[in-house]
Amino acid sequence: MSQAPTDHAGIATQNVVEKALQSQGEDRHKLGREKFIERVWEWKKLYGGTIINQLKCMGASCDWSRERFTLDEGLSRAVKEVFVRLYEEGLIYRGDYIINWCPRCHTALSDLEVEHEDVKGKLWYIKYKFTHKAGYVTVATTRPETYLGDTAVAVNPNDERYKDIIGKTVKLPVLNREIPVIADEFVDSSFGTGAVKVTPAHDPNDFEIAKRHNLPFIKIMTGDGKMTEEAGPYRGQDRFVCRKNVLNDLEDLGHLVKITDHDLAIGHCYRCKTIVEPYLSKQWFVKIKSLADEAIKSVKDGRVKIVPSGWENSYFDWMENIKDWCISRQIWWGHRIPVWYCKSCEEIIVSRETPTACKCGSDNLRQDEDVLDTWFSSALWPFSTLGWPDDTEELKTFYPTSVLITGFDILFFWVARMIMMGLKFMGKQPFEHVYIHALIRDAEGQKMSKSKGNVVDPLKMTEAYGTDAVRFTLAAYAAQGRDIKFDEKKVEGYKHFLNKIWNVARFISMNIQEGEKIVPVRELLSDGSPFTFSLADRWILSRVSSVCSEVNQSLDEYRFNDSANILYQFIWHELCDWYVEMIKPELYGDNAESKSAAISTLMHVYETALSLLHPFMPFITEEIWQQLPAGKEVNSLCIRKYPVADEGIKDREAEDKMTVIMDAVNGIRSIRGELNISPSLELKALIKADVSSGDILNANLTYVVKLAGAGEIQIGKEIKSPKNAAVAIKPSMEIYVPLKGLIDFDSEISRLNKEFAKTQKELMFIKKKLANEDFRMKAPKAVVEENQLKCNEYQSKLQGIQDNIDKFKEWGK
RNA sequence: GGGCGAUUAGCUCAGUGGGAGAGCGCUUCCUUCACACGGAAGAGGCCGCUGGUUCAAUCCCAGCAUCGCCUACCA
């Protein structure tokens with residue numbers, strides 16, 4: 001069972017709908033909460049199916065009847081249950097903290113939802129005058145406007161420069177507020193002036209310092225990013241306008257000492273890119289430490305395996321330094337926090353059901369306005385979708401699930417939180433494997449983004465090239481731990497592969513009668529009459545068996561690019577280029593027995609290949625399967641058992657013999673190709689081969705004749721090179737092709753010289769190795785032997801080349 | 001600041017402690033009855049640089065360079 005997740009994407013969705021409202025001259029506050037939510041649901045009905053549709057078009061075979069949405073009834077129930085249980089355990093709390101605030105979205109963001117961008121900024125040095133004496137202390141800041149909210153200046157207690165001013169006070173320019181100089185270990189004496197302004201309500205570090213020293217918290221900014229009453233003359237100004245004005249005024253008053261360049265990373269809202277503000281507000285948090293500890297353990301001890309494992313380090317790093325999770329969002333689209341406040345007695349009621357009255361008897365209750373972070377509900381996905389908190393059959397059957405497939409960019413957002421929640425509420429990990437797939441970038445390697453306009457629409461791709469080609473391309477490039485540069489040219493290339501596959505089907509339907517009885521290969525084998533199989537049959541059967549094991553293994557290891565490439569190479573180059581060509585004489589001939597063996601073999605191999613390919617290209621393989629003239633044991637490929645290797649069909653001898661045939665064919669082809677001899681011209685070939693190779697060639701001569709286009713072939717141990725013959729030298733044979741016209745001795749000699757040089761280089765390399773005493777002593781015996789064999793082989797090949805060069809030189813005189 | 005990854009043929013990328021691979025592109029030949037979205041034959045690479053470990057390094061280790069990504073409260 002495979003489930004495709006869809007969440008309600010709280011902030012993003014609310015933004016989109018709000019923008020739509022804006023263009024109609026409305027806004028959510030005028031509309032009111034209920035009406036607004038209705039609008040979002042309408043929007044969701046229109047567009048919510050987009051991703052699911054894309055998945056369907058891409059041929060994802062999920063159980064669509066089990067489609068779920070994080071705001072569904074059942075899932076919402078799970079959310080409330082989890083919130084209440086965590087609250088009762090003290091793992092959820094509410095408090096005033098500095099959080100990341102998006103002034104445009106009007107909501108808190110978790111740390112993860114802030115994107116940092118390096119910018120070249122400035123460091124402004126501002127002087128605060130002492131109250132007890134003349135002079136001043138200078139502080140450095142990147143955000144000068146925040147000085148309006150300063151409630152102290154901090155220095156390091158060990159900083160000799162400032163020892164005597166600790167406990168004294170300074171006066172803020174313009175506002176004339178008097179603030180103390182305090183000592184705190186946090187301050188780094190070596191940075192800036194070693195004195196830091198403390199703005200408790202607008203900086204997380206300052207917030208911590210302020211708590212340690214009981215400093216007041218002054219909010220100088222509203223949720224809109226505008227200055228408050230506390231900002232005195234700057235009240236009402238936008239934060240960036242205020243900065244300019246503050247700097248101008250400080251300069252005018254002589255408080256601006258200097259300005260230096262300073263690189264810093266500025267946080268932006270991940271949904272709308274607005275610069276976020278550290279903002280003091282009351283939020284709900286999850287106390288995360290104990291949950292994280294268990295989640296770390298589950299990966300360390302292998303209950304959860306992340307593939308590729310390199311991501312485990314990132315996971316640990318983040319989990320080990322995790323901070324409490326801010327889960328409240330000041331938006332309307334999402335799960336409303338199940339907390340009510342009694343207006344009469346201040347009681348806080350946390351409840352699964354909507355309460356009607358407080359303990360105190362009052363029914364004057366108000367529900368918390370905020371909703372939960374979308375990821376809070378997504379984190380429950382593996383069990384909430386299976387019916388939790390009820391103890392359902394689905395949970396018993398499917399939990400823990402086997403694999404989660406996702407992108408690295410939500411490893412922390414989602415994966416880590418699912419692991420934490422799964423362990424906490426189910427007592428078991430939510431999945432055994434996490435496969436982190438590649439991220440798809442554009443052809444230049446840029447991350448896709450709507451603002452860059454380089455987003456590839458999968459539906460457009462499937463329209464242009466077909467779903468199967470797109471899927472196969474992605475699989476073929478999905479090497480672990482690397483992103484995919486998506487280039488349409490690649491898809492174009494794999495479309496040709498589909499064409500190839502289709503043409504094999506055509507070939508089959510042209511040569512196999514509708515309803516022709518196909519004898520299963522294994523029956524023919526077990527019949528005790530293996531000789532009805534040709535060498536080609538035995539070879540391809542052996543090969544397809546190996547391919548089965550290789551594909552299965554690479555799939556098990558999530559090495560999809562290997563699976564795809566193995567299939568590509570096998571189908572195109574072995575099945576099409578060699579096997580199909582080799583059996584044509586049988587198919588066109590009238591030997592019923594061998595023809596029947598060839599047909600059975602062809603069907604077996606092709607069906608197996610289709611089956612192996614089916615997960616990569618479901619549509620074309622199924623279509624072809626439906627049209628196959630005969631042999632199908634099930635009526636749909638998608639329910640056919642995935643092929644596994646039949647070890648009994650592996651045939652080492654056949655593969656070795658094929659190597660000899662291929663050597664002969666390739667040798668003759670090389671001569672033809674390099675001398676530009678027309679394929680229509682039949683060649684005569686003489687092959688000097690040892691007895692065993694000669695026997696193999698003699699027994700399978702038709703292959704060489706057919707594939708090399710040779711009319712007459714002589715084979716023998718004692719064959720001598722005739723005059724005016726081109727030559728090809730292979731490990732087990734020398735091939736001569738006599739040519740009617742005079743051949744160009746010089747070009748033959750240079751061709752052979754080139755090969756001589758290449759072979760000699762390799763031979764020298766190996767000889768040097770073998771001459772090394774250490775190598776012979778310390779290298780594994782098999783390696784030494786292998787090198788010795790190779791040495792002999794190269795030596796005889798080199799001799800053969802030399803002999804032929806000599807002959808050409810002789811003839812050329 | 002910390003961490004991770006990349007660097008291999010013109011391009012895009014696999015790969016391995018013992019003979020450098022694929023696809024596309026390129027060159028030459030071929031419209032032979034599955035396929036010109038094809039077939040056959042070729043050319044093309046100090047496997048980023050410098051050291052170290054090893055009998056042996058493109059691969060392991062260290063450093064460097066360039067590029068990319070993630071992460072971070074030095075004001």
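Excluded from the calculations below are hydrogen atoms, water molecules and symmetry mates; all remaining heavy atoms, backbone and side chain alike, are included. Each chain gets a letter, A, B and so on, in the order its sequence line appears, and its residues count up from 1.
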**Report entry** Donor on one side chain, acceptor on other, A:Tyr97 and A:Asp324, under 3.5 Å
**Finding:** no
| message | Under 4.0 Å, heavy atoms only, any strand: does A:Val139 hit a base, just the sugar-phosphate, or nothing? | response | nothing
Across all chains, not counting sequence neighbours, the side chain to side chain contact (heavy atoms under 4.5 Å, CB included) partners of A:Ala564 are A:Phe472, A:Ala475, A:Ala476, A:Phe616
| query | Checking all strands, does A:Asp487 fall into the base, sugar-phosphate, or nothing category for heavy-atom contacts under 4.0 angstrom? | reply | nothing
- Item | Side-chain N or O of A:Asn666 closer than 4.0 Å to phosphate OP1/OP2 of B:A41 | yes
Under 4.0 angstrom between A:His116 side-chain N/O and B:C69 OP1 or OP2: no
Is there a donor in the side chain of A:Lys197 and an acceptor in the side chain of A:Thr199, or the other way round, less than 3.5 Å apart? yes
**Asked** Got a donor-acceptor pair under 3.5 Å from the side chain of A:Glu581 to the base of B:A34?
**Response** yes
(message) Under 4.0 Å, counting only non-hydrogen atoms across every strand here, what does A:Lys489 touch: a base, just sugar-phosphate, or nothing?
(response) nothing
Does A:Tyr494 reach a base, just sugar-phosphate, or nothing at all? Heavy atoms under 4.0 Å.
nothing
Residues at least two apart in sequence or cross-chain that pass ring pair (Phe, Tyr, Trp, His ring centres under 6.0 Å) with A:Phe408, listed by chain then number, are A:Trp311
The dot-bracket string of RNA chain B, counting Watson-Crick and G-U wobble pairs with both distances under 3.5 Å, using [ ] for crossing pairs and | for pairs to another strand, is (((((((..((((....[..)))).(((((.......))))).....(((((..]....))))))))))))....
